[in-house]
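Only one structure is covered here, and it is reproduced in the block below.
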Amino acid sequence: MTQTLALTGNEAGAAAMRQINPDVVAAYPITPQTELMHAFSKFVADGKVKTELILVESEHSAMSACIGSASAGARTMTATSANGLALMWEVVYIAASLRIPMVMPVVNRALSGPINIHCDHSDTMGCRDSGWLQLFSENSQEAYDNVIQAMRIAEHKDVLLPVMVTWDGFIISHTTERVEILDDGTVKKFIGEYTPERPLLDTDNPVTIGPLDLSDYFFEHKRQQVDGVNNAYQVIKDIGKEYGKLSGRSYGLVEEYQTDDAEMIAVALGSTAGTIKAVVDRLRREGMKVGLLKIRSFRPFPFADVASILRKAKAIAVFDRSIAYGSMGGPLFGEIRSALYGEKEQPPALNYVYGLGGRDINTAQIEGVYQDLEKAIKTNKYQTIKYLGVRE
Amino acid sequence: MKGYKEIPLGGKIIEAGNAEKYETGSWRTYRPIWDKEKCKNCLLCWIYCPDSSIILKDGKMVGQDYRFCKGCGICARECPFQAIEMKPESEYKK
């Protein structure tokens, strides 16, 4: 039976992990991920899961242990944030390159320095090219839903890649919300039995994993990864639809909110999408044709969907919760502009870098962004990149 | 050479013992030369060889496998009877 509970994002993520009941979890605590592992290790201690929980001495070891266990054929998970993810870095790439299916919640936090524990997306944006899939969550419910779906996506035979599920540090991770938790049996059935591809423990079919791969084959293995990530596009859609049938909540790679007739569309990731929805509702009541395009899957990036939605707009505002120094705006802005290149209609695209290190973003600021768009449409004059909420 | 669609994902090697197909003897700059007369078949060379380049037949040393011998010289150093001598590969590659 579906239960409605009051859970933080981290508790919702832990609930999903409990229902997945992975064979192995290897993790190291780091704020704001810590409470996720607190909750999960309690499930282990209370015998609610059969998971072998490996307490390691660092995130580098956590990811290494995960690669080992997943290669052996175990369903494997870990979780981290910010500098923990940075310490895993080299092994993060290896997990994707070895085509290890695994799920890792990353509770988004600013990557030091200066040292900061609050939310921005600099941690996961830093490994956007690692070959992992990246699903962003708007709230605790989506954190829960995404973790469950991610396991299926990672293990799909056309994908076989690790998946990061992100949710905003503190804003989602430590905020109590209403969350619907599916029945344990329903999730178990949805996840299914795991049949690993060529596991190390299958001694009848010996396999070598991670051998030296020089100039004669390395490039071919990279090219395979491209197909794996691109194949995830359809798999994420199919699994999102299937999940919708059992939960009432369907998922795609993007979510459109009031975009059908929208002249001004904001694009955002994570919890800010929820704040923007409130602003869209308010401005719609005043007759402004505004909408939101929420990106759920940052990797693979749904270029064609984004282009078909945004080309109809008269102006676009892209919200980036991280900086790409010396580049043309933030990481999301680059993807959005690239998606529109080649389209006949190329509405003005404005970039708003905001919320770094946990700086709040409020509804008045978002209203101001839509007003900027209105002005840009009228005058065709605008500032391409703005830093929203920074003191000049 | 095979294209990216024809090979196992992620660089996995799914055929046991296929290192035999990947000849590495071309790395060698010194070649071990075995003197059959001095050899007492103690097989220390066979024990010490980090590859599998000492060839045995019926439990006796019969020579080195130059397809894989990288010329490290361990066999020559460990041989108690100086039955193996390292010589520049250039003398053999014409």
Side-chain angles (χ1 to χ4, degrees), chain A residues 66-68 70-73 91-102 130-133 154-162 195-232, chain B residues 1-32 43 45-57 59 63-78 86 88-90 92-94:
Chain A
C66 285
I67 290 175
S71 300
V91 216
V92 164
Y93 275 69
I94 290 168
S97 304
L98 296 181
R99 307 302 295 269
I100 304 273
M102 174 196 317
S130 61
W132 283 61
L133 309 185
E155 291 171 0
H156 194 282
K157 65 174 176 39
D158 295 340
V159 179
L160 293 173
L161 283 168
T195 314
E197 292 263 320
R198 305 292 306 206
L200 279 173
L201 291 181
D202 178 4
T203 48
D204 292 335
N205 296 291
V207 59
T208 300
I209 294 176
L212 184 67
D213 193 14
L214 297 178
S215 45
D216 48 358
Y217 276 107
F218 182 87
F219 201 172
E220 280 68 28
H221 291 125
K222 293 285 118 182
R223 181 65 186 81
Q224 289 178 334
Q225 275 180 262
V226 174
D227 279 2
V229 175
N230 289 342
N231 289 347
Chain B
M1 297 245 274
K2 288 181 177 174
Y4 78 92
K5 290 176 182 167
E6 304 166 294
I7 55 176
L9 291 183
K12 276 186 185 145
I13 295 174
I14 56 172
E15 186 189 351
N18 82 341
E20 198 173 8
K21 292 181 182 169
Y22 190 63
E23 298 190 4
T24 46
S26 63
W27 304 359
R28 190 175 57 244
T29 54
Y30 281 86
R31 175 182 290 215
L43 304 189
C45 57
W46 178 77
I47 291 167
Y48 276 103
C49 177
D51 204 295
S52 306
S53 297
I54 304 294
I55 308 168
L56 301 188
K57 200 179 171 191
Q64 281 102 340
D65 187 346
Y66 293 131
R67 293 176 306 147
F68 296 99
C69 169
K70 293 158 197 71
C72 70
I74 290 174
C75 58
R77 186 193 159 100
E78 296 300 332
M86 300 304 291
E89 190 64 24
S90 55
Y92 300 90
K93 276 185 186 152
K94 293 285 188 271

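Remember, it's a predicted structure, so these values are computed and weren't measured experimentally. Every chain is numbered from 1 and lettered A, B, ... according to where its sequence line falls, protein lines coming before strand lines.
- Comparing R223(A), E197(A), Q225(A), R198(A) by heavy-atom pairs within less than 4.5 Å of chain B, the highest count is held by R223(A).
- Here D202(A) pairs with nothing under the salt bridge (charged side-chain N to carboxylate O under 4.0 Å, His left out) rule; sequence neighbours left out.
- For a residue to count as touching a neighbouring chain, one of its non-hydrogen atoms must lie under 4.5 Å from one of that chain's; by this rule L212(A) does not touch chain B.
- By the 6.0 Å contact criterion, OH on Y30(B) is open, its count of non-hydrogen atoms from other residues, nucleotides or ligands being 12 or less.
- By number of non-hydrogen pairs under 4.5 angstrom with chain B, the leading residue of Q224(A), R99(A), K222(A) is Q224(A).
- The contact between D227(A) and chain B is made entirely by side chain atoms (from C-beta outward), counting heavy-atom distances below 4.5 Å.
- Between the side chain of D213(A) and the backbone N or O of G11(B), no donor-acceptor pair lies under 3.5 Å.
- More than 12 heavy-atom neighbours from other residues, nucleotides or ligands sit within 6.0 angstrom of CD on E6(B).
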